[in-house]
Amino acid sequence: AQSVTQPDIHITVSEGASLELRCNYSYGATPYLFWYVQSPGQGLQLLLKYFSGDTLVQGIKGFEAEFKRSQSSFNLRKPSVHWSDAAEYFCAVGFSGGSNYKLTFGKGTLLTVNP
Amino acid sequence: EPEVTQTPSHQVTQMGQEVILRCVPISNHLYFYWYRQILGQKVEFLVSFYNNEISEKSEIFDDQFSVERPDGSNFTLKIRSTKLEDSAMYFCASRNPGYEQYFGPGTRLTVT
């Protein structure tokens with residue numbers, strides 16, 4: 001069965017430091033890949049997505065992610081973290097069943113930003 | 001920018017009662033979804049809906065759950081007889097072919 005792993009439950013970084021959040025998936029083919037961010041009590045906001053093509057994708061708020069097929073990974077990066085980036089980050093994978101796909105989410109990584 | 005809306009934002013109900021959670025997807029979208037997130041846990045897929053029928057459902061989506069698109073705009077999730085373990089945040093999402101899913105802000109359901 002398909003699965004998504006976010007190995008880091010909680011990460012703390014200092015403001016201005018770089019950030020990398022890890023995501024690995026298990027699936028037989030190339031899935032659709034997403035990163036969503038959730039602030040406390042809020043909904044899910046899409047940061048970026050990968051469907052096909054260039055494996056380095058740019059998203060909103062200065063985030064980027066790189067799809068590495070050989071490692072089944074889609075890690076999220078930001079060169080310089082801002083205090084407003086503190087939130088929970090979810091990696092999600094869409095496994096296509098014909099024209100439809102549902103999302104399978106990782107357990108999330110909570111990001112704390114120290115001043 | 002178009003967005004998915006959900007009502008109510010918070011629903012409190014007693015165990016055994018029926019609840020209906022409402023969603024207005026983005027107007028030209030064709031695929032509709034419900035997900036739930038139990039407090040402190042990951043987001044889980046419940047059901048997908050396309051062309052006026054369920055296209056896929058998870059093990060969670062048992063006979064107590066149903067979905068409906070009663071008109072051209074609303075998409076509802078009904079829980080017939082709520083249980084304590086149904087307490088969660090419920091998210092609606094919609095999309096068009098080849099595009100990402102857009103999520104609503106969620107409805108927090110509390111079953112007492």
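Below, chains carry the letters A, B, ... as their sequence lines are ordered, and counting in each starts from 1.
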Requested in this report: Could you tell me whether the side chain of A:Phe74 reaches within less than 4.5 Å of the side chain of A:Val57, counting heavy atoms only?
Outcome: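 The answer is yes, as the side chains (C-beta and beyond) meet within the 4.5 Å cut-off.
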For the ring pair [X] and [Y], is the centre-to-centre distance below 6.0 Å?
{"X": "A:Phe67", "Y": "A:Tyr32", "value": "no"}
{"X": "B:Phe49", "Y": "B:Phe75", "value": "yes"}
{"X": "A:Tyr89", "Y": "A:Phe63", "value": "yes"}

[X] versus chain B, heavy atoms under 4.5 Å apart: side chain, backbone, both or neither?
{"X": "A:Leu44", "answer": "both"}
{"X": "A:Lys107", "answer": "both"}
{"X": "A:Gln6", "answer": "neither"}

**Report entry** Proximity of residues 4-12 of chain B to chain A, residues having a non-hydrogen atom under 4.5 angstrom
**Finding:**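 The residues closer than 4.5 Å to chain A amount to none at all.
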Query raised in the report: Which is it for A:Thr109 and A:Ile9 under the side-chain contact (heavy atoms from CB on, under 4.5 Å) test, yes or no, and what are the steps along the way?
Result: CA-CA 5 Å; A:Thr109 298; A:Ile9 297 173; over 6 Å; no
Query raised in the report: Could you go step by step and tell me if A:Tyr36 and B:Phe103 meet the side-chain contact (heavy atoms from CB on, under 4.5 Å) rule?
Result: CA-CA 10 Å; A:Tyr36 285 87; B:Phe103 282 80; 3.5 Å; yes
Report task. State plainly whether the residues A:Arg77 and A:Glu66 are in salt-bridge range, i.e. N to O under 4.0 Å. Result ->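 Salt bridge present between A:Arg77 and A:Glu66.
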